[in-house]
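Just so it is clear, the values below take in all heavy atoms, side chains as well, and ignore hydrogens, waters and symmetry mates. This is a predicted model, so every value here is computed, not measured.
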Amino acid sequence: MNEQKYKELYKTILLEHEKVFEKQDLTELQQFMEHIKKAGRVFLMGVGREGIAARAFAMRLMHLGKEVHWIWDDTTPGMAAGDLFIAVNGSGKIGHIHYVTERAKESGAAVAVVTGGPKEKTPALADCVLFVPACVYNGTDDRAVPSVQPMGNLFEQHLFLLFDIIIIQLEEEMQLTHAQMEARHRNVE
């Protein structure tokens, strides 16, 4: 292990995240949070590592007291007006996510797309677009912070951080406590 290289790398990666946070549109962020607060039920979808971040976000939304469903689960009910569908679609053009987004729109649910490609076809369907300005796999937006990391690492890592900040903000805006969230934590581990 080259200690100097290790330190340079973690400092570079932390700086990348700082740059993404600084470029984040806070108006978009607040609109995204408003959609979550007013939704009766929240449905989420994502694939790959960004999908894993979306699943972690779904868990925390449940801890906030929202009724949450993951699109791929067999027990997921149909969507309707008053629901919110959140598609995490890094490039903004993942085919099967686009297809499900079209079905969500047809159901009458509100649609939010979290993406690194806000000018692509799936975000064009959204009622709310949250552009995360981080380098993303197959991304084309020149406003994204570049990365020394491969593929979509910066976008995928940043989702975990940004989603946690959103949860903390929602907890405050919804006047909840850590204890209330913890009471909803799975108790059969």
Side-chain angles (χ1 to χ4, degrees), residues 7-39 42-61 64 71 84-102 104-105 110-173:
K7 287 181 178 181
E8 288 173 13
L9 192 54
Y10 83 66
K11 288 177 183 181
T12 298
I13 291 170
L14 289 173
L15 182 59
E16 289 177 358
H17 285 288
E18 183 178 340
K19 289 177 180 177
V20 177
F21 279 123
E22 291 298 322
K23 290 182 83 170
Q24 186 66 59
D25 184 316
L26 299 183
T27 301
E28 284 183 6
L29 195 59
Q30 187 62 49
Q31 289 170 346
F32 181 67
M33 290 168 49
E34 293 300 324
H35 273 85
I36 292 169
K37 286 192 300 190
K38 73 180 180 183
V42 182
F43 295 76
L44 292 97
M45 178 181 193
V47 295
R49 288 167 30 127
E50 57 194 52
I52 294 168
R55 282 189 76 98
F57 187 48
M59 180 190 300
R60 288 292 185 243
L61 289 170
L64 286 176
I71 287 297
L84 174 64
F85 173 61
I86 300 173
V88 178
N89 188 339
S91 68
K93 53 189 175 186
I94 299 171
H96 60 291
I97 294 178
H98 184 77
Y99 173 83
V100 175
T101 302
E102 289 176 325
K105 285 294 282 188
V111 171
V113 176
V114 179
T115 187
K119 298 174 187 170
E120 297 295 342
K121 66 181 186 175
T122 304
L125 298 175
D127 300 293
C128 172
V129 175
L130 179 58
F131 171 48
V132 178
C135 180
V136 65
Y137 186 65
N138 287 331
T140 58
D141 199 293
D142 60 3
R143 297 171 295 164
V145 172
S147 181
V148 299
Q149 302 178 72
M151 298 177 283
N153 281 21
L154 181 59
F155 181 81
E156 297 151 3
Q157 293 160 355
H158 200 79
L159 288 177
F160 281 100
L161 297 170
L162 183 61
F163 285 158
D164 278 349
I165 288 172
I166 289 168
I167 292 299
I168 293 166
Q169 292 285 310
L170 285 170
E171 179 186 13
E172 182 179 312
E173 291 184 18

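Side-chain contact between F85 and K105 is absent, with no heavy-atom pair separated by less than 4.5 Å. With contacts defined as side-chain heavy-atom distances shorter than 4.5 Å, the pair I86/I36 qualifies. Side chains of L159 and F57 form no contact here, defined as non-hydrogen atoms less than 4.5 Å apart. Two residues are said to be in side-chain contact when any heavy atoms from C-beta on lie closer than 4.5 Å; L29 and L162 meet this criterion. The side-chain heavy atoms of H96 and M45, taken from C-beta on, include a pair separated by under 4.5 Å. Between L130 and Q24 the shortest side-chain heavy-atom distance falls below 4.5 Å. Taking 4.5 Å as the limit, some side-chain heavy atom of L44 sits within range of a side-chain heavy atom of L61. Counting heavy atoms from C-beta on, the side chains of E18 and L15 come closer than 4.5 Å.
With P118 as the fixed residue, the side chain to side chain contact (heavy atoms under 4.5 Å, CB included) test singles out one of V129, V113, D25, V132: V129.
Distance check: N138 CG to S91 OG gives 6.0 Å after rounding to the nearest 0.5 Å. With values rounded to the nearest 0.5 angstrom, C128 atom SG is found 11.0 Å from M33 atom CE. Atom CG of residue L125 and atom OG1 of residue T101 lie 6.5 Å apart, to the nearest 0.5 angstrom. Put simply, CD on Q30 and CD1 on I166 are 10.0 Å apart, with the number rounded to the nearest 0.5 Å.
Side-chain atoms of Q31 and H35 form no donor-acceptor pair, as typed in the model, at a separation below 3.5 Å. Side-chain N/O atoms of Q157 and E16 include no donor and acceptor closer than 3.5 Å. A side-chain donor-acceptor contact under 3.5 Å links T140 and E120.
Residues A144 and C135 approach most closely at CB-N, 3.8 Å, considering heavy atoms. Taking every heavy atom of both residues into account, V100 and I71 meet most closely at CG1-CG2, 4.3 Å. When all heavy atoms of D141 and G116 are compared, the pair lying nearest together is CB-O, 3.6 Å. For the pair T122 and H98, the tightest heavy-atom approach, listed with the atom from each and the gap, is OG1-ND1, 2.9 Å. Taking every heavy atom of both residues into account, V88 and A54 meet most closely at CG2-CB, 3.6 Å. Listed here is the closest heavy atom pair of T115 and P123: CG2-CG, 3.8 Å.
Around CE of M151, the count of heavy atoms belonging to other residues, nucleotides or ligands within 6.0 Å does not exceed 12. In the displayed structure, F160 atom CZ is contacted under 6.0 Å by more than 12 heavy atoms of other residues, nucleotides or ligands. The local environment of NZ in K121 is crowded, with over 12 non-hydrogen atoms from other residues, nucleotides or ligands closer than 6.0 Å.
Scanning for salt bridge (Lys or Arg N to Asp or Glu O under 4.0 Å) contacts around K119 gives an empty result, with sequence neighbours left out.
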- [ ] Decide yes or no on side chain to side chain contact (heavy atoms under 4.5 Å, CB included) for N153 and E156, but give the supporting numbers first.
- [x] CA-CA 5 Å; N153 281 21; E156 297 151 3; 3.9 Å; yes
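Remark: R143 qualifies as a cation-pi partner of F131 under the 6.0 Å distance and 45° angle criteria applied to the six-membered ring.
One N or O on the side chain of E50 and one on the backbone of G90 form a donor-acceptor pair closer than 3.5 Å.
Ionic pairing of E34 and K37 is present here: one or more N-O contacts between side-chain nitrogen and carboxylate oxygen are shorter than 4.0 angstrom.
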